[in-house]
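What follows is one structure encoded as structure tokens, with my remarks underneath.
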Amino acid sequence: MRPIIVFSDFDGTITQQDTGNIIIDKCIGTEKRIRLDDSILDGTCSFRDANNEMWTSVNLETFSEAIALLKANNVSHDVEFGRFHSILTRLNIPLKVVSAGLKPIVTLYMESFGNCEIYANDCSIERAPDGSASWKLKYVDESPFGHDKGAPIRLLKEQFKAAGLSEEERPRILFIGDGVSDLSAARDADFVFAKKGKDLETYCQREGISGVIVWEDFGAICNWLETWAAAV
């Protein structure tokens, strides 16, 4: 089998819901969060300013408390993700999760799955003078979304090139995602799985990214991997 490396988004891809929306809605309400989202779309507020306002308003005491909230709201992995991870483990395929969400949350949600590397924005819980909690983001980079998801893919390609591997010889790179922040990674991957009916599918069509495979659950990706393993 020709080597392959898998990169995947987290919110709305590995999980069925967006963890950030649920945490923020609990603390500031859905209406305010939507208003801030709309301010990003209409250009009256930058993504970073609106995002920072949302997250600094989160007053949960611990990340474990946030996980409990997510589980209470039935946020779970895609129904076929366990099978998908088992296939990766059996075929010794690395999984790299790239997320515009929060690394502590992603890490806690992925702790039962081995062979997984996480790239995500960091976060700390700080204390105000009155003792109340406030969440502070530390972005991965200076890109508009705080995390250029294509960067680790491009770095990996550069490392393969430095090792003397040609484009034909290096491992293939597969990316799985659903949203606008996934477009950079989609441009740099060899195979792109875009979730059906979501923004990434639309943006790939607009940007002319070829070879995009549309998926509804990880079962379709499992089948593709099994076919790949049998054929190469």
Side-chain angles (χ1 to χ4, degrees), residues 4-22 24 33-34 36-38 40-43 46-48 50-51 54 75-81 83-85 88 93-103 105-106 109-110 116-121 139-141 143-157 172-225 228:
I4 192 168
I5 298 171
V6 175
F7 286 78
S8 178
D9 172 50
F10 180 72
D11 283 299
T13 299
I14 291 176
T15 60
Q16 296 183 339
Q17 301 97 338
D18 189 297
T19 59
N21 287 351
I22 291 172
I24 291 166
R33 193 259 304 165
I34 291 175
L36 286 165
D37 282 339
D38 289 343
I40 299 170
L41 295 174
D42 64 24
S46 71
F47 173 84
R48 283 173 179 264
N51 204 41
M54 292 182 205
V75 176
S76 58
H77 300 86
D78 179 275
V79 292
E80 292 284 355
F81 183 76
R83 176 188 165 206
F84 167 78
H85 188 267
L88 296 189
I93 297 173
L95 172 62
K96 302 178 184 292
V97 177
V98 286
S99 173
L102 306 186
K103 190 170 185 177
I105 299 298
V106 178
Y109 247 82
M110 296 299 296
C116 175
E117 190 173 359
I118 296 169
Y119 302 83
N121 297 321
Y139 293 105
V140 172
D141 54 42
S143 63
F145 287 98
H147 185 186
D148 176 1
K149 295 181 181 181
I153 296 177
R154 294 191 297 273
L155 177 60
L156 195 58
K157 287 182 176 180
R172 300 291 90 181
I173 296 173
L174 183 154
F175 177 73
I176 308 164
D178 73 319
V180 176
S181 66
D182 297 328
L183 185 57
S184 173
R187 288 194 185 104
D188 292 309
D190 299 304
F191 305 110
V192 179
F193 282 82
K195 198 166 188 179
K196 184 177 181 179
K198 301 297 183 179
D199 289 337
L200 181 61
E201 180 187 8
T202 301
Y203 274 77
C204 285
Q205 292 170 349
R206 288 181 184 175
E207 296 293 319
I209 297 175
S210 60
V212 175
I213 304 164
V214 179
W215 63 286
E216 294 187 63
D217 63 45
F218 271 84
I221 305 169
C222 290
N223 295 339
W224 187 95
L225 285 171
W228 170 271

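- Tested against Leu88, the residues Ile4, Leu225, Ile5 include a single side-chain contact (heavy atoms from CB on, under 4.5 Å) partner, Leu225.
- Taking the six-membered ring where tryptophan is involved, the planes of Trp224 and Trp228 are essentially parallel, since the angle between them stays under 30° and well short of 60°.
- Interatomic distance, Ile14 CD1 to Ile176 CD1, rounded to the nearest 0.5 Å: 7.5 Å.
- Scanning both residues, Val192 and Ala186, for their nearest heavy atoms gives CG2-O, 3.4 Å.
- One distance of note links CG of Asn121 with OG of Ser99; it measures 7.0 Å at 0.5 Å rounding.
- For Arg83, the side-chain hydrogen bond (donor to acceptor under 3.5 Å, both in side chains) criterion is met by Asn223, not counting sequence neighbours.
- The closest side-chain heavy-atom distance from Thr19 to Val106 is not below 4.5 Å.
- Among all heavy-atom pairs drawn from Asp9 and Thr13, the shortest one is OD2-OG1, 2.8 Å.
- Going from atom CD1 of Ile105 over to atom CG of Leu102 covers 6.0 Å, rounded to the nearest 0.5 Å.
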Ring pair (Phe, Tyr, Trp, His ring centres under 6.0 Å) between Phe175 and Phe7, worked out:
CA-CA 5 Å; Phe175 177 73; Phe7 286 78; 7.6 Å; no
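- Rounded to the nearest 0.5 Å, atoms CG (Asp178) and CZ (Phe10) are 11.5 Å apart.
- Here the closest non-hydrogen pair linking Ile22 and Gln17 is CD1-CB, 4.3 Å.
- Shortest non-hydrogen contact noted between Phe193 and Trp215 is O-NE1, 3.2 Å.
- The salt bridge (Lys or Arg N to Asp or Glu O under 4.0 Å) check on Asp11 picks up nothing, with sequence neighbours excluded.
- In terms of heavy-atom proximity, Gly101 sits nearest to Ala120 at O-CB, 3.9 Å.
- In terms of the side-chain hydrogen bond (donor to acceptor under 3.5 Å, both in side chains) criterion, Ser8 has no residue partners (sequence neighbours excluded).
- Side chain of His77 to backbone of Tyr109: a donor-acceptor contact under 3.5 angstrom is found.
- Distance NE2/His85 to CG/Asp78: 14.0 Å, rounded to 0.5 Å.
- For Lys96, the salt bridge (Lys or Arg N to Asp or Glu O under 4.0 Å) partners at least two apart in sequence or on another chain are Glu117.
- Residues Val212 and Ala194 approach most closely at CG1-CB, 3.7 Å, considering heavy atoms.
- To the nearest 0.5 Å, the span separating OG on Ser181 from NZ on Lys149 amounts to 3.0 Å.
- Scanning for salt bridge (Lys or Arg N to Asp or Glu O under 4.0 Å) contacts around Asp37 gives Arg33, with sequence neighbours left out.
- In this structure a side-chain-to-backbone donor-acceptor pair under 3.5 Å is present from Arg48 to Ser143.
- Pairs of residues two or more places apart, or lying in two chains, that qualify as side chain to side chain donor-acceptor pair (under 3.5 Å) and include a residue from residues 186-203 are Arg154-Asp188, Arg170-Asp190.
- Heavy atoms of other residues, nucleotides or ligands lying less than 6.0 angstrom from CD of Glu216 number 12 at most.
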